[in-house]
Amino acid sequence: MSDIEERYRAATAKSVELGKRAERVMPGGDTRTTTYYRPYPLTLARGEGPFVWDVDGNKYIDLIGNYTSLVHGNAYPPIVEAVSKAVRDGSAWPARSQAQVELATLICERVASIDRVRFCNSGTEAGMLAAQVARRLTGRKLILMARFGYHGSYEDLEVGLGGQDGERTMLAGLRRGDRIRGAALGTRCGNRRGFLEPVLGSAGVVEPPQGFLSRVAEAAHRAGALFILDEVITLRLHEGGAQQIFDVKPDLTMLGKIIGGGFPVGALGGSEEVMSIFDPRNRGSIFHAGTFNGNPITCAAGVTSIRELTQARIDKMAQQAERLGAELARAARSAELPFSVRSYGSLLNIFFLKEPPPATIAREDARAIANFHLAALNNGLFLAPRGMIALSTVITDELLSEISERAAKAMADVAKAGE
């Protein structure tokens with residue numbers, strides 16, 4: 001056992017205890033695969049602003065925000081106030097709410113390709129819904145998606161995360177140098193619908209080559225297929241979403257995370273024509289139900305989250321991310337560790353390699369990143385086990401300096417461990 005792991009175990013005894021209890025009632029002791037890491041994950045007790053605390057009382061700077069969804073940090077006061085007011089009026093009912101209409105209006109106003117919105121309860125559900133719409137409108141069963149892309153836990157989409165084709169899923173990818181891999185894109189779009197993240201998240205924060213998204217959209221439309229953009233994560237990159245940055249107009253847009261203000265949420269948006277497939281006044285419309293679709297508490301939180309996410313705050317986070325990436329690189333050089341970082345806007349992914357790898361979930365630096373993750377926790381930094389960081393609007397420049405100092409100590413611990 002390394003000194004890093006020994007220190008981690010010594011500081012988190014209550015997480016061990018609760019983990020054993022959890023294992024008796026949940027497979028592996030958890031209900032979310034992405035939050036597991038060795039030797040065991042923490043049990044968190046609360047969060048406030050840019051900080052979280054575990055059940056042992058250890059305090060961490062939150063650098064992942066529930067995997068990008070808490071763009072305003074934990075227990076953001078305006079959201080807490082909005083939710084507290086809303087919950088007194090009831091937590092759910094089988095009818096629309098004013099907050100639901102307001103959130104839908106905000107989304108339609110901000111995202112140019114969206115005229116109508118349909119709410120659900122997760123990004124995964126948004127992906128399932130997008131596939132259902134595309135299959136109904138085109139009559140096609142197959143999906144084309146990016147290799148190592150991630151669109152939730154729906155089997156037809158999740159298969160791509162592992163880099164393998166599925167029964168109803170075909171993959172295309174990019175090699176180094178951003179060259180399209182495999183058969184001609186137009187041929188692959190021929191009898192399929194295309195799903196893409198504007199910036200690949202799970203694959204390591206990989207931005208597309210210039211003009212790539214537009215070429216995919218054009219190929220899809222030439223083939224009579226639908227082009228579906230997954231903005232569940234990337235809506236945080238611009239008020240109008242990443243589609244505004246890359247000047248592309250998808251047929252359907254998947255949404256989630258920040259539009260719920262920290263509560264379970266998903267949504268699908270598109271043009272009035274495409275989204276009319278859900279209109280119950282139309283014959284042959286898609287039957288889409290869900291007890292908590294457009295939940296008034298979620299929508300109240302989402303309205304505040306979106307309103308508070310101004311372009312100025314988005315730009316500020318992007319500047320901080322650029323600074324943090326540079327300071328992490330300096331710390332790695334000081335510790336004599338190979339290091340690289342890939343970032344876009346407020347998102348970063350770090351690698352203990354001289355150059356960032358191509359889009360992939362397989363890590364050549366798996367041992368080093370695992371050691372750094374534990375070392376970072378030991379030094380009060382909470383980030384994703386794969387080295388992903390998502391900044392929030394409540395991280396100040398002063399706190400960013402502290403993050404850099406703590407990360408430098410963690411890197412020194414990794415170097416000392418000889419990894």
Partners passing side-chain hydrogen bond (donor to acceptor under 3.5 Å, both in side chains) against Tyr36 (at least two apart in sequence or in another chain): none
Check whether the ring centres of Phe372 and Phe351 lie less than 6.0 Å apart, and answer yes or no. no
Donor on one side chain, acceptor on other, Ser276 and Glu273, under 3.5 Å: no
Classify the ring geometry between Tyr60 and Phe382 as parallel (under 30°), tilted (30 to 60°) or perpendicular (over 60°). perpendicular
Can you tell me how the ring of Phe352 sits relative to the ring of Phe339, calling it parallel under 30°, perpendicular over 60° and tilted otherwise? perpendicular
Starting at CD1 of Ile350, measure out to NE2 of His373 and round the result to the nearest 0.5 Å. 10.0 Å
Check whether the side chains of Ser346 and Arg236 place a donor and an acceptor atom closer than 3.5 Å, and report yes or no. yes
For a side chain to side chain donor-acceptor pair (under 3.5 Å) with Asp315, tell me which candidate from Arg313, Gln319, Gln311 qualifies. Gln311
Between Gln320 and the options Thr393, Thr396, Asp397, the side chain to side chain donor-acceptor pair (under 3.5 Å) test singles out Asp397
Are any non-hydrogen side-chain atoms of Asp251 and Leu137 less than 4.5 angstrom apart? no
Close side-chain approach of Ile228 and His151, heavy atoms under 4.5 Å: no
Can you tell if the side chain of Val206 reaches within under 4.5 Å of the side chain of Phe148, non-hydrogen atoms only? no
Below 4.5 Å, heavy atoms only, C-beta onward: do Gln243 and Lys249 meet side chain to side chain? no
Between Thr12 and Asp54, is there a side-chain donor-acceptor contact under 3.5 Å, judged purely by atom types and distance? no
So, Tyr150 versus Tyr67, ring centres under 6.0 angstrom or not? no
Nearest heavy-atom pair of Gly123 and Val232: which atoms, and what distance? CA-CG2, 4.1 Å
Measure from the side-chain N and O atoms of Arg136 to the backbone N and O of Gly284, and report whether any donor-acceptor pair falls under 3.5 Å. yes
With the side chain counted from C-beta on, respond yes when Arg116 and Phe278 share a heavy-atom pair under 4.5 Å apart, and no when they do not. no
